[in-house]
Amino acid sequence: MRRYGSIRGAGVSALTTTALMLIVVLPFVLFGGKSLSSTAVIFLINVTLVIALQTFVGNSGILSFGHVAFMGVGAYVTAWLTIPPELKSNQLPELPAFLAEARWGFFPSLLAAAFVSALFAAIVGIILVRMTVNAMVMATLALLLVMYSVWLNWSTLTRGSSGVFGIPRETTPVLAIAVAVVFIFVARLFKTTRIGLQLRASREDELSSAALGINVRRVRYIGWVFSAALMGAAGSLWSFNIIAFDPGQFSFAMTFALLAMLILGGKESVLGAVVGAAVVGLVTESFSRIEQGVSVFGIELPRITGTVQFVIALLIIIALIWRPDGIVGRREIEDFIPPLAAWLRRSQGQSEDSASQKLTQSPEEADQGSSSDFILQGTGMAKSFHGVKAVAGIDIEVKRGEILGLIGPNGSGKSTLLNLISGLTNLDSGQVLLAGRDVTGQPSHIVAQQGLARTFQNIRIFPHLLVVENVFAPPRTTAESGHLSLKQLGLLDLRFTEANTLSYGMQRRLEIARAMGTQPSVVLLDEPAAGMNHSESDILLSDIRSLAVHHGCGVIIIDHDLRLIMRLCDRIQVLEAGKTIAVGTPTEVSSDPVVLAAYLGDVPIEINEPPQGEISLAAKEN
């Protein structure tokens with residue numbers, strides 16, 4: 001499916017989408033007469049509006065009812081800048097002097113509309129992006145209602161319910177095509193950028209994104225402002241075509257129409273925005289005639305108000321039941337053209353191979369520092385939940401290149417401890433030092449940016465992103481380190497596969513590859529071999545050991561597979577009831593009577609070394 005990281009691929013995709021749009025539009029413009037030419041212009045304007053909405057909604061996964069407010073801002077800014085001064089003196093006599101005398105052209109007004117809309121979104125977004133997803137959705141609806149009230153009552157600038165008129169009609173088919181083409185290219189390129197990828201990652205899994213170093217608020221804020229700028233420009237284009245409007249045109253009816261286009265076409269795809277605009281445009285054009293009353297076989301049918309909205313609503317219901325991802329789903333146009341998709345894969349693969357050649361550092365050359373250096377130190381870490389002490393004053397430390405195993409019965413505090421170290425859960429008391437830096441109390445994305453990576457007990461990949469997109473989403477991942485981690489974990493040939501189609505074992509590997517691609521100082525692995533058979537876990541064991549040596553990073557691993565832990569780890573720390581009861585080498589821990597009594601039920605463990613050097617565990621009954 002979608003290619004990651006290739007500007008060439010994004011450009012080719014945008015160009016192909018543009019060609020498809022022009023195939024649909026040009027016959028109407030060139031041979032359809034004035035009426036059909038006007039219909040084509042309306043379609044192109046709708047394309048710009050729905051692409052502006054898709055840039056945020058599709059990439060972030062957050063539904064916005066408020067984007068029409070930015071469309072209104074763009075339209076009013078255009079009106080203030082372009083209506084002839086003599087008309088403005090009659091309509092808006094109290095308009096500030098610099099606006100009353102303004103008479104700007106098409107492109108300056110469009111850019112001004114984009115700028116003012118982006119500025120307004122930047123102010124509003126400071127509050128909105130701090131909300132939970134559901135709260136933000138409702139806040140966007142409130143934004144639309146507030147702005148409608150402002151336009152209705154601020155008559156000095158908007159003329160209230162009477163509306164404004166006299167905007168020059170400058171939206172010609174050529175200009176509409178030009179602006180729509182720019183929107184397609186800009187939206188497709190934004191989706192390909194690192195910010196666009198991180199925004200899509202936050203859509204898939206907010207918690208996992210933060211744990212990988214992605215500042216979710218920041219990327220949502222950027223997407224929000226950028227989308228608002230596009231919406232303002234699209235509103236300007238719209239106003240140049242309609243020439244007169246009032247606040248009622250920036251209400252829920254317009255929001256419903258744009259969301260219908262997005263849902264029907266496919267909200268995660270730029271192509272889907274174009275297809276959705278075409279489908280809704282066709283339905284509107286066809287059923288609006290029926291709505292006015294038609295004659296069928298000599299029988300005059302009465303006017304049926306609301307026919308268009310009823311049909312669109314019915315299509316949305318049908319789509320949500322049988323095609324919830326929209327007509328084109330998550331795919332872009334190259335995904336429907338196998339030769340083009342294959343060519344883009346080859347060019348992307350060549351680019352990655354070129355990048356990987358820059359990574360010349362060998363395992364022996366990796367700077368592992370002094371063998372006595374502790375890369376991670378946690379002291380006195382404690383956390384209680386509703387009075388229950390999940391972690392009660394645990395100390396932990398790991399050296400560069402060392403693998404530390406955490407074992408203990410269920411509920412002993414192992415996963416909570418990893419959450420405290422990685423910043424996903426706040427400490428009640430204690431301190432965490434990472435490479436000598438105090439990261440206590442820092443949010444998880446800051447801790448990750450300092451060099452800590454982790455996986456989760458339950459797999460938390462980005463299911464609807466490609467394997468390569470999963471690996472390259474974290475901000476610390478480079479072209480070289482990402483390609484290397486894919487190669488080391490055996491995922492290079494699967495990099496253009498959607499992550500949720502991988503087998504369970506490969507998804508586990510992907511999560512580790514994603515973590516290792518960030519070039520971490522410390523990696524926290526929460527039950528990486530869970531659900532694997534012995535053969536799979538043996539291979540994974542070997543890979544984790546080689547990765548730790550190659551990257552010179554410390555590894556803390558939780559796993560209930562004692563066979564794996566005893567063979568893999570340099571040291572083992574045993575927890576019970578939120579406290580450490582033993583720390584030492586596998587041999588020391590396996591013979592510790594406290595460990596045997598608390599964790600293994602008085603069943604001693606003997607670590608045998610079979611002829612082929614493979615360590616196995618044998619539990620012997622007393």
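For this chain, numbers begin at 1 and follow the sequence in order.
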Check this for me: F28, atom CZ, are more than 12 non-hydrogen atoms of other residues, nucleotides or ligands nearer than 6.0 Å?
no
Heavy-atom side-chain contact between T39 and E285 under 4.5 Å:
yes
Write down the atom of G11, the atom of F185, and the distance for their closest heavy-atom approach.
O-CE2, 3.7 Å
Would you say E511's side chain and R460's backbone share a donor-acceptor pair under 3.5 angstrom?
yes
dist L259:CG -> I316:CD1 (nearest 0.5 Å) comes out at 8.0 Å
Is the CD atom of E86 crowded by more than 12 outside heavy atoms at less than 6.0 Å?
yes
At their closest point, which heavy atom of W224 faces which heavy atom of A121, and how far apart are they?
NE1-O, 3.0 Å
Is the shortest side-chain heavy-atom distance between R169 and N241 below 4.5 Å?
yes
Is atom CZ of R218 surrounded by more than 12 heavy atoms (other residues, nucleotides or ligands) closer than 6.0 Å?
no
Taking all non-hydrogen atoms of both residues, which atom of K88 and which atom of L99 are closest, and how far apart?
NZ-O, 2.6 Å
Parallel, tilted or perpendicular: which fits the ring planes of F106 and F240, with parallel below 30° and perpendicular above 60°?
tilted
Around atom CZ of F385, are there more than 12 heavy atoms from other residues, nucleotides or ligands closer than 6.0 Å?
yes
Within a 6.0 Å radius of atom CD1 on I321, are there more than 12 heavy atoms belonging to other residues, nucleotides or ligands?
yes
Side chains of R103 and T82: closer than 4.5 Å at any heavy-atom pair?
no
Under a 4.5 Å cut-off applied to non-hydrogen side-chain atoms, are V432 and L420 in contact?
no
Quick check on R437: does its CZ atom have over 12 non-hydrogen neighbours (other residues, nucleotides or ligands) under 6.0 Å away?
yes
Any side-chain heavy-atom pair of L128 and Y221 under 4.5 Å
no
Pairwise distance CZ(F226) to OG1(T55) - rounded to 0.5 angstrom:
6.0 Å
Intermediate values then yes/no, side-chain contact (heavy atoms from CB on, under 4.5 Å), L230 and F70
CA-CA 9 Å; L230 292 180; F70 303 124; over 6 Å; no
Does the side chain of M21 reach to within under 4.5 Å of the side chain of F43, using non-hydrogen atoms?
yes
Nearest atoms (heavy-atom pairs only) where Q91 meets R159
O-CD, 3.5 Å
Contact between V216 and H445 at the side-chain level, heavy atoms closer than 4.5 Å - yes or no?
no
Please give me the minimum heavy-atom distance between G58 and R203, naming the atom from each residue.
O-NH1, 2.8 Å
Taking it one step at a time, do T132 and N134 satisfy side-chain hydrogen bond (donor to acceptor under 3.5 Å, both in side chains)?
CA-CA 6 Å; T132 62; N134 291 335; 5.8 Å; no
Between F245 and F250 (judged by ring centroids, cut-off 6.0 Å), do the two rings come close enough to count as a pair?
yes
Looking only at the side chains, is there a donor atom on one of R454 and S444 sitting less than 3.5 Å from an acceptor on the other?
no
Exercise: identify the closest heavy-atom pair between R194 and P474
NH1-O, 2.9 Å
Would a 4.5 Å heavy-atom cut-off, applied to side chains only, mark F336 and V328 as touching?
yes
